[in-house]
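Worksheet: the structure to be examined is printed underneath.
One-based numbering along the sequence shown. None of these values were measured; they are calculated from a predicted model.
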Amino acid sequence: MGGLSTLFSNIYSIISTKKWTIGNCAATLQGGESRNLGLDRRLLQTRVDEVCSLLTRFYMGGNSINWNMDKSGGHGITVMAHEDAKEVEEFKVGVVLDLDVPEVKVCITSMEMARSDVNASRKRKLVFYYQDSKEDIVDAASAAIDLITNKRVQAIIGPTTSAQTVFMMHLGDRFQVPVISFSATSPSISLVQNPYFVRTTLNDSSQVNAIAAIIKAFGCREAVSLYADTEYGKGIIPYLVDELQNVNTRVPYRSVFTSSATNEQIGDELNRLIRMQTRIFIVHMTTPLGVRIFAKAREIGMMTKGYSWIITDGLGDYLCTFNSSVLGSMEGVIGIRPYVPESRRLNSFSVRWKKRFQKENPEDMDRKLDMFGIWAYDTVGALASAVEKLGSLNPKFNKGNLTALDSSDVERMGVSQIGPELLGKISNITLKDAMSTNKSTTTDKDNLGTIIWPGDAKSAPKGWEIPTNESKLQIGVPVKNGFTEFLKATQNSSDVTGYSVEVFKAAIDSLNYRVPYEFIPYLINNKSKPGSYDDLLHAVPDQKFDAAVGDITITANRSEYVDFTLPYNEGGVSMVVLTKQDMSKNAWIFLKPLEWKLWVTTGAFFLIIGAAIWILEHRVNREFRGGPHSAYQLGTMLSFTISTLVFAQKERVLSTFGRIVMGIWLFVVLILTQSYTANLASMLTIKRLEPTYTDVKELIRNGYNVGYQEGSFVLDKLKGMKFHESHLKTYETPDEFDKLFSMEPSKGGIVAAFEELPYIELLLAKYCDKYMKVGEIYPNDGWSFVFPKGSPLGPDISRKILQLREDGATKRFKDAAFSSGSTSNRYCPDIDPLGSSTSLKLDSFRVLFWLTGGFVVFAIFVFFVMFLWENRQILVESNTAVSRKFVHLLNEFYKYDEKRLITYFEYQHVRKDQNKAVVHASDTNGLREAARGYLPSEGVVVHQDFGLVCSGDHGADGDSISDEGVDPFLHNIVDGGDQPTPGDANLHQIQLSEIPHRKP
């Protein structure tokens, strides 16, 4: 008690003498005396400083002071002051933290500074009651219960870890006491399910975006996570994996460490990581365990060139506190931590904090203010602001109507009466002057400074490498007998050649890093040990091979268990058949130049044009009227249009629209006839190949045998096309392929083979015009190289393949392979290798037919509009039925329009200087009415040597025409000869030179 008595004597001395010696009042406390009292020296020192502050205020303002010494638990002294004779309200706050942890001491200093600052400016004072959770979950929960039951605290700040928080926040919900934590960062703690838990720090999931951005910026495709087996360590992992997947980065392995792991256990786990390909590691754990892991990693060589390490804020926040040996083991590590911008207030607080911390912790002079210290300060400020807004401070707990029999000890403790109100105030608090406030920003990697990676490397590691020192990539290659131009490998030999291998070597050798590899032959089509390409691919995920190279086709089924690079060759499957006799010997070859659709369309347009011309000419052109029978005009129409093929139509077209239609149609006919002639000539003169079979359905329906290459995926495709398995024959080499075609189908021969396009190209180059590719091409993605799922080497090889294809290197490799193989001395004549019909298609003439048909419709439409307008009096008759109107219009349509005809002839042919004459009806000197009836009432013009008789007073030269010496046929009419048949053309044709002229 000596220390306390000394303290009180000093205080009394200050009050009595009123001398300014308050600053030294704490100097009389002795370490041993404080320990005898059960008081923490640092906390007692804090209390003494507060006493000094109150004494100063008392001395200056004449206020009174009340003392309340509480030694239960040894947690401090509560000091309350009365200002102006009015009692200041006290708000009790419990603090549950790991008091002996150095990082926690940083936060306690910040909290005490915050409490001093807020209590100096507010009437409601915060009183802290500290409890040590001793880094234990149960102790943390026990401390919270003790504070609620014995101290009646209205809020709890803490605990330190996320695991402690999981238990304590349930107590907060039960007693309605807010649990406020500035250090529980695990995202697995649900704020929705635990409403009385308030987090004043950042959620760990907030940093996964930054980690993913770093991974993406440097193009890493795989990363391994290392985390502690705690609530804090495990909580971030699901969010981290999801975010990495969003940037196409895979997490192939997760390394978990317990907090109590020995150095030997840590070494074993790190050695396991060395044997993996991935070299990007993300570490999420607290300081003690993390420091040990990096020390071990440096010891076994994992902090050298080629490795990349990224740490979360669990370690990143404390980098400035590590000594030189720890920092030396972490050289090249990239750290993530929250960013707080520099400010005058933050700098001032840091200076104050450092002085106070060094004073309270002289044994830890190098400790610096960290992010959790800043959050601790802001947490106290937020709580004080919420308390200030409360209506009243009621420290009581409502126990409700409980009996001793039906309630537990916890239930009898009751719930805080101001808890709900306090929770609402805290949830709505926004500290405008909080030091931890910051606006999020993003930075492009190009704006960053030079990064020194592990091993003093200035270039970013590629993120993966071959697992062990100088071990080679084991690449499986198929071994088969035929088609060695693409791949040639032999058993028990690593000497592999061919087109596929050359492409792979060019791609992997152009990488900006070295990848040692060796080829391992894998038997395909081995009689003693059958194998297939699918078996080779399954060996990759089974870790028998690290990759597979060859003429391997990409399929959807295979992509389920391996990764393919971009294709280096075109894909597709088609049918190969034998050729047959030359098409020029075909009796029906004259039909081949045009496809049947074009034949049908052309025939239809002949009918359409004929009908259109008849409609346009029927009323004005005698050649499209009448006839000896009703079908006469139909024959005229058909003969007219068909004769346009050779431009030999006899009938003249008189109407304007008819001539335009004919002009367009004659142009179309010209194009069609010239194209037909050219195509037919080429068919008869150029050598062509004709396939023996073109229809796959015919092969299936007739049960013909077809072939495919042994071990190929084509077998599954043929089964899917409904080919019976008994009709499927295999071959391994081009010679076996040719032999199967030469055999009779009844003896096991084939009539067709289904093969991939690159193989077909080789077969056609070898056998020239003997075979041809016909029918549909069944597409696939082509040939590719195979890697395990998620292999980082696959994307790099794909980019190189794309570059090789753009540069034309793959084509050069193929040409070189073909020129050195079985086709090197083979010469193929200039033939049509497709051997398919080259009939002209309808699509080639579609535009011509559309234009012709469109104008025909337009012309007919305009014609009928004009016709209806001329006969509009029929349409407007109100007393006539619709059917009668239709009959009248039809009669008008069939009526001969003489006026339109005369007008046309007079405009076109009646000229004074031509050899023509006019016969007037009054000058016929006794023509009988019967004969006159055959002359038009208006007469006809006599034109050139033969003409039509028409009425008129004078001839062309003004002379009247007498009937003397008139043609005997005309005299026959006048003298009562045989009556001519109506419509007989001879009635109107006379020899102009035989008609004598007379002067009037």
Residue of the set V326, I311, L327 for which side chain to side chain contact (heavy atoms under 4.5 Å, CB included) holds with F294: I311
Side-chain donor-acceptor contact under 3.5 Å, S133 with D139: no
Polar side-chain atom of R337 near backbone of Y318 as donor-acceptor pair, under 3.5 Å: no
Minimum heavy-atom distance L270-I293, with the two atoms named: CD1-O, 3.8 Å
Test log, rule side-chain contact (heavy atoms from CB on, under 4.5 Å), inputs R254 and V241: CA-CA 10 Å; R254 305 178 188 181; V241 173; 3.5 Å; yes
Side-chain (S181) to main-chain (I157) donor-acceptor, under 3.5 angstrom: no
Stepwise side-chain contact (heavy atoms from CB on, under 4.5 Å) check, M330 with L319: CA-CA 9 Å; M330 299 178 65; L319 288 176; 3.8 Å; yes
Pairwise side-chain contact, I156 with I148, heavy-atom cut-off 4.5 Å (strictly under): yes
Side chain to side chain contact (heavy atoms under 4.5 Å, CB included), paired with M111, selected from V93, T379, L97: L97
Test item: side-chain donor near acceptor, W353 and S110, under 3.5 Å: yes
Side chain to side chain contact (heavy atoms under 4.5 Å, CB included) partner of F197, the single match among I189, I180, D173, L423: I189
Student check: side-chain heavy atoms of W375 and L202 closer than 4.5 Å: yes
Main-chain N/O of V101 paired with D98 side-chain donor or acceptor, under 3.5 Å: no
Member of R352, R345, K125 meeting the salt bridge (charged side-chain N to carboxylate O under 4.0 Å, His left out) criterion with D117: R352
Heavy-atom check, side chain of L369 versus side chain of I374, under 4.5 Å: yes
F167 atom CZ, neighbour heavy-atom count above 12 within 6.0 Å: no
R124 and E388 ion-paired at < 4.0 Å: no
D366/K354 ion pair, N-O < 4.0 Å: no
Residues S416, Q154; criterion side chain to side chain donor-acceptor pair (under 3.5 Å); working and verdict: CA-CA 7 Å; S416 173; Q154 302 295 328; 2.6 Å; yes
Any donor-acceptor pair under 3.5 Å from N119 side chain to L126 backbone: yes
Side chain to side chain, N209 and E243, heavy atoms closer than 4.5 Å: yes
T149 side chain to I145 backbone, donor-acceptor under 3.5 Å: yes
Any donor-acceptor N/O pair, D146 side chain to S142 backbone, under 3.5 Å: no
Within-4.5 Å side-chain heavy-atom neighbours: P362 and F357: no
Residue E264 excluded, over 12 heavy atoms near CD under 6.0 Å: no
Distance, nearest 0.5 Å, that separates NZ of K134 from CD of Q164: 12.5 Å
Spacing of F372 atom CZ and T200 atom OG1 [to the nearest 0.5 Å]: 10.0 Å
Audit row: E421, K425, side-chain contact (heavy atoms from CB on, under 4.5 Å) steps and yes/no: CA-CA 6 Å; E421 183 183 1; K425 299 299 183 182; 4.2 Å; yes
Heavy-atom side-chain contact between P288 and T286 under 4.5 Å: yes
Side chains of S162 and S186, donor plus acceptor under 3.5 Å: no
I310 side chain near V333 side chain, heavy-atom distance below 4.5 Å: no
Any donor-acceptor N or O pair under 3.5 Å, side chains E135, T160: no
Spacing of R292 atom CZ and M285 atom CE [to the nearest 0.5 Å]: 10.0 Å
Minimum heavy-atom distance between C107 and G373, given as atom pair plus value: SG-N, 4.1 Å
Verdict with supporting geometry, D229 and T258, side chain to side chain donor-acceptor pair (under 3.5 Å): CA-CA 5 Å; D229 190 15; T258 62; over 6 Å; no
S116 side chain vs E112 backbone, donor-acceptor pair below 3.5 Å: yes
Pair E231-T161, side-chain donor/acceptor within less than 3.5 Å: no
Atom pair CD/CG of Q176 and L171 - distance to nearest 0.5 Å: 13.5 Å
H284 (side chain) donor-acceptor with D204 (main chain) under 3.5 angstrom: no
Whether D132 side chain and L99 backbone form a donor-acceptor pair below 3.5 Å: yes
Distance-minimising heavy-atom pair for D317 and D370: O-CB, 4.0 Å
Flag side-chain contact, heavy atom, 4.5 Å: L226 against I282: no
Check: Y377 ring centroid to F349 ring centroid under 6.0 Å: yes
Criterion side chain to side chain donor-acceptor pair (under 3.5 Å) against T109, the qualifying member of E360, R367, Q358, R356: E360
Considering all heavy atoms, the nearest G381-V118 contact: CA-CG1, 4.2 Å
Separation of F91 CZ from L383 CG (nearest 0.5 Å): 5.5 Å
Euclidean distance, E342 CD relative to N347 CG, rounded to 0.5 Å: 5.0 Å
Exam field: side chain R199 to backbone A184, donor-acceptor pair closer than 3.5 Å: yes
Which atom of M169 lies closest to which atom of V179, heavy atoms considered: CA-CG2, 4.4 Å
Residue pair L240, V208: steps toward the side-chain contact (heavy atoms from CB on, under 4.5 Å) verdict: CA-CA 5 Å; L240 178 63; V208 299; 4.1 Å; yes
For the student: nearest non-hydrogen atoms of A143 and V96, plus distance: CB-CG1, 4.0 Å
